[in-house]
Enquirer: 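Once you've had a glance at the structure underneath, I'll fire off some questions.
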Amino acid sequence: MFPIGVFDSGYGGLTVLKEFVRVLPEYDFVYLGDNARTPYGTRSFDVVYRYTKEAVHALFELGCPLVILACNTASAKALRSIQQRDLPLSDPGRRVLGVIRPSVEAIGKLSANRHVGILATAGTVASGSYPLEIEKLYGLGNYTVTQVACPLWVPLVESNELTGPGVEYFVRKYVDGLFEQDPQIDTVILGCTHYPLLAPQIARFLPVGVQLVEQGAIVAGSLKEYLSRHAEMDAVLGKSGRHTFLTTENAGQFAQMASLFMDAPVSVRQISL
Ligand code: DGL
């Protein structure tokens, strides 16, 4: 019996893991944060693809038959190549899923006026993955999608800088930039798994009535549904409620942050990719 692998460039994917554990408490999970090489959001397609492939490979080596890229940047820049090119050749029985498609599926139920804002890393914005997926699912021209890249937010979260005047300045800068481009937006998607940690600050600067959407619960619901539809995958997944944490950086530092996220002490092992 094997764990579900959960991958992010750093701590951000813990916001997704936390929801996985809430929705699927009996399942075993192994989380890998590539903290040594974060952020991914400013890196090229080739580099994000290579790093993500290495991380997925490490999780496969640990036996994971299913890996969730709990990272929008990796989902935007590496998922398709891994799913279409790599898995059929090297690991046809394993699956890798991302966070963008489930988030886009949720948008239909969330936005009333079809004006959607996406706050994400520079890489996710440049990939055009959100507007492209929205167009694919809902048709051309049915949604007005405005994206703003927030390159300073991941470094703030990775350094646990979540409040204070400096944080407020950079939160406000990107939120204002979004609404300057489209004041009609009624739904803002946090299209980076690090951003929920800044959600209380972000919410303060949103116009009244605008809803702020975090991905964790959406992706967890989608994983649960996936497992109910794929009995052959579910049958090989461990269900002892065991959680393992791996990082490519210092284990002690990761343990401190991860314990805060998970509301419980966690033990962490450092690995290299
Ligand atoms: N947490 C990631 C995301 O969802 C990536 C952040 C980064 O490394 O830049 O996009």
Side-chain angles (χ1 to χ4, degrees), residues 5-20 31-56 59 67-80 82 96-104 106 117-133 147-162 170-171 174 188-199 202 212-220 222-223 245-249 253-254 257-258 260-261 273:
V6 180
F7 168 68
D8 181 49
S9 62
Y11 298 117
L14 293 168
T15 62
V16 177
L17 177 67
K18 194 169 181 179
E19 292 298 321
F20 285 171
Y31 182 90
L32 169 58
D34 191 7
N35 299 74
R37 303 191 291 197
T38 198
Y40 279 18
T42 44
R43 297 186 192 277
S44 67
F45 262 87
D46 286 355
V47 171
V48 172
Y49 169 54
R50 181 157 50 85
Y51 286 1
T52 305
K53 210 168 123 167
E54 287 168 5
V56 167
L59 290 166
V67 171
I68 314 296
L69 303 183
C71 174
N72 289 265
T73 311
S75 300
K77 293 190 165 189
L79 181 62
R80 184 161 304 189
I82 290 175
V96 180
L97 305 174
V99 289
I100 294 179
R101 177 75 189 195
S103 307
V104 167
I118 310 287
L119 296 170
T121 65
T124 299
V125 167
S127 75
S129 295
Y130 273 96
L132 287 169
E133 283 291 331
Q147 308 187 89
V148 165
C150 316
L152 287 163
W153 288 3
V154 169
L156 287 173
V157 171
E158 285 288 317
S159 25
N160 202 16
E161 293 284 348
L162 306 176
F170 284 111
V171 165
Y174 300 135
V188 173
I189 311 288
L190 295 183
C192 170
T193 55
H194 280 69
Y195 297 174
L197 274 98
L198 293 169
I202 298 166
L212 186 62
V213 180
E214 299 180 21
Q215 298 176 298
I218 293 169
V219 179
S222 160
L223 174 61
F245 295 85
L246 307 171
T247 177
T248 53
E249 244 298 343
Q253 199 178 317
F254 189 93
M257 269 298 251
L260 285 178
F261 273 81
L273 296 177

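Each ligand, and each atom within it, is numbered from 1 in the order the structure gives. Because only heavy atoms are used, hydrogens play no part in the values below, and waters and symmetry mates are left out as well, while side chains stay in.
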Enquirer: Which residue from V99, N72, L14 reaches closest to atom 3 (C) of ligand 1 through any of its heavy atoms?
Expert: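 The residue whose heavy atom sits nearest atom 3 (C) of ligand 1 is N72.
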
Enquirer: Among protein heavy atoms, which lies nearest atom 10 (O) of ligand 1, and at what distance?
Expert: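 Nearest neighbour among protein heavy atoms for atom 10 (O) of ligand 1, to 0.1 Å: T73 OG1, 2.7 Å.
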
Enquirer: Short question: side chain of S103, backbone of Q215 - any donor-acceptor pair under 3.5 Å?
Expert: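 Checking the backbone N and O of Q215 against the side chain of S103, no donor-acceptor pair under 3.5 Å is found.
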
Enquirer: Identify the closest protein heavy atom to atom 7 (C) of ligand 1: which residue and atom is it, and at what distance?
Expert: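 The closest heavy atom on the protein side is Y40 N, 3.3 Å.
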
Enquirer: If you take all heavy atoms of A74 and T52, which pair is closest and at what distance?
Expert: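 Closest heavy-atom pair between A74 and T52: CB-OG1, 3.5 Å.
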
Enquirer: Of all the heavy-atom pairs spanning A76 and S129, show the shortest one and how long it is.
Expert: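 Scanning both residues completely, I find the closest heavy atoms to be CB-OG, 3.4 Å.
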
Enquirer: Which residue owns the protein heavy atom closest to atom 9 (O) of ligand 1, what's the atom, and how far is it?
Expert: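 Of the protein heavy atoms, G41 N, 2.7 Å lies nearest.
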
Enquirer: Angle class for the Y31/F245 ring planes (parallel below 30°, perpendicular above 60°, tilted otherwise)?
Expert: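 Y31 and F245: tilted rings.
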
Enquirer: Please check if atom CZ in R80 has more than 12 non-hydrogen atoms from other residues, nucleotides or ligands closer than 6.0 Å.
Expert: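 Open: at most 12 neighbouring heavy atoms sit under 6.0 Å from CZ of R80.
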
Enquirer: Hey, which atoms in ligand 1 end up nearer than 4.0 Å to a heavy atom of P39?
Expert: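 In order of number, 7 (C), 8 (O), 9 (O).
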
Enquirer: So does G123 get a backbone contact from the side chain of T73, meaning a donor-acceptor N/O pair under 3.5 Å?
Expert: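 Not at all, since once roles are kept as given, no pair shorter than 3.5 Å links the two residues.
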
Enquirer: Suppose I only count heavy atoms of S9 and a 4.0 Å limit; which atoms of ligand 1 are within that range?
Expert: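 Listed by number with element: 5 (C), 6 (C), 7 (C), 8 (O).
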
Enquirer: At what distance is the nearest protein heavy atom to atom 1 (N) of ligand 1, and which residue and atom is it?
Expert: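 In this structure, atom 1 (N) of ligand 1 has H194 ND1, 2.7 Å as its nearest protein heavy atom.
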
Enquirer: Record the part of T193 in heavy-atom contact with ligand 1 below 4.0 Å; permitted values are side chain, backbone, both and neither.
Expert: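 The part of T193 near ligand 1 is both the backbone and the side chain.
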
Enquirer: Ignoring hydrogens, just give me the one of A76, C71, P151, A74 whose non-hydrogen atom is nearest atom 5 (C) of ligand 1.
Expert: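 Shortest heavy-atom distance from atom 5 (C) of ligand 1: C71.
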
Enquirer: Measure up the F7 and Y40 rings against each other and bin them: parallel (under 30°), tilted (30 to 60°), perpendicular (over 60°).
Expert: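 Aromatic pair F7/Y40 classed tilted.
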
Enquirer: Using a strict cut-off of 4.0 Å, indicate which atoms of ligand 1 neighbour a heavy atom of T38.
Expert: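 Numbered from 1, ligand 1 contributes 8 (O).
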
Enquirer: Which atoms from ligand 1 have a heavy atom of D8 less than 4.0 Å away?
Expert: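 Those atoms are 1 (N), 2 (C).
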
Enquirer: Side chains of N160 and Y11: do they bring a donor and an acceptor to under 3.5 Å?
Expert: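 No, no side-chain donor-acceptor contact under 3.5 Å.
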
Enquirer: Give yes or no for whether the N/O distance cutoff of 3.5 Å, strictly under, is met between T124 and ligand 1.
Expert: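 No, T124 has no N/O under 3.5 Å of an N/O on ligand 1.
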
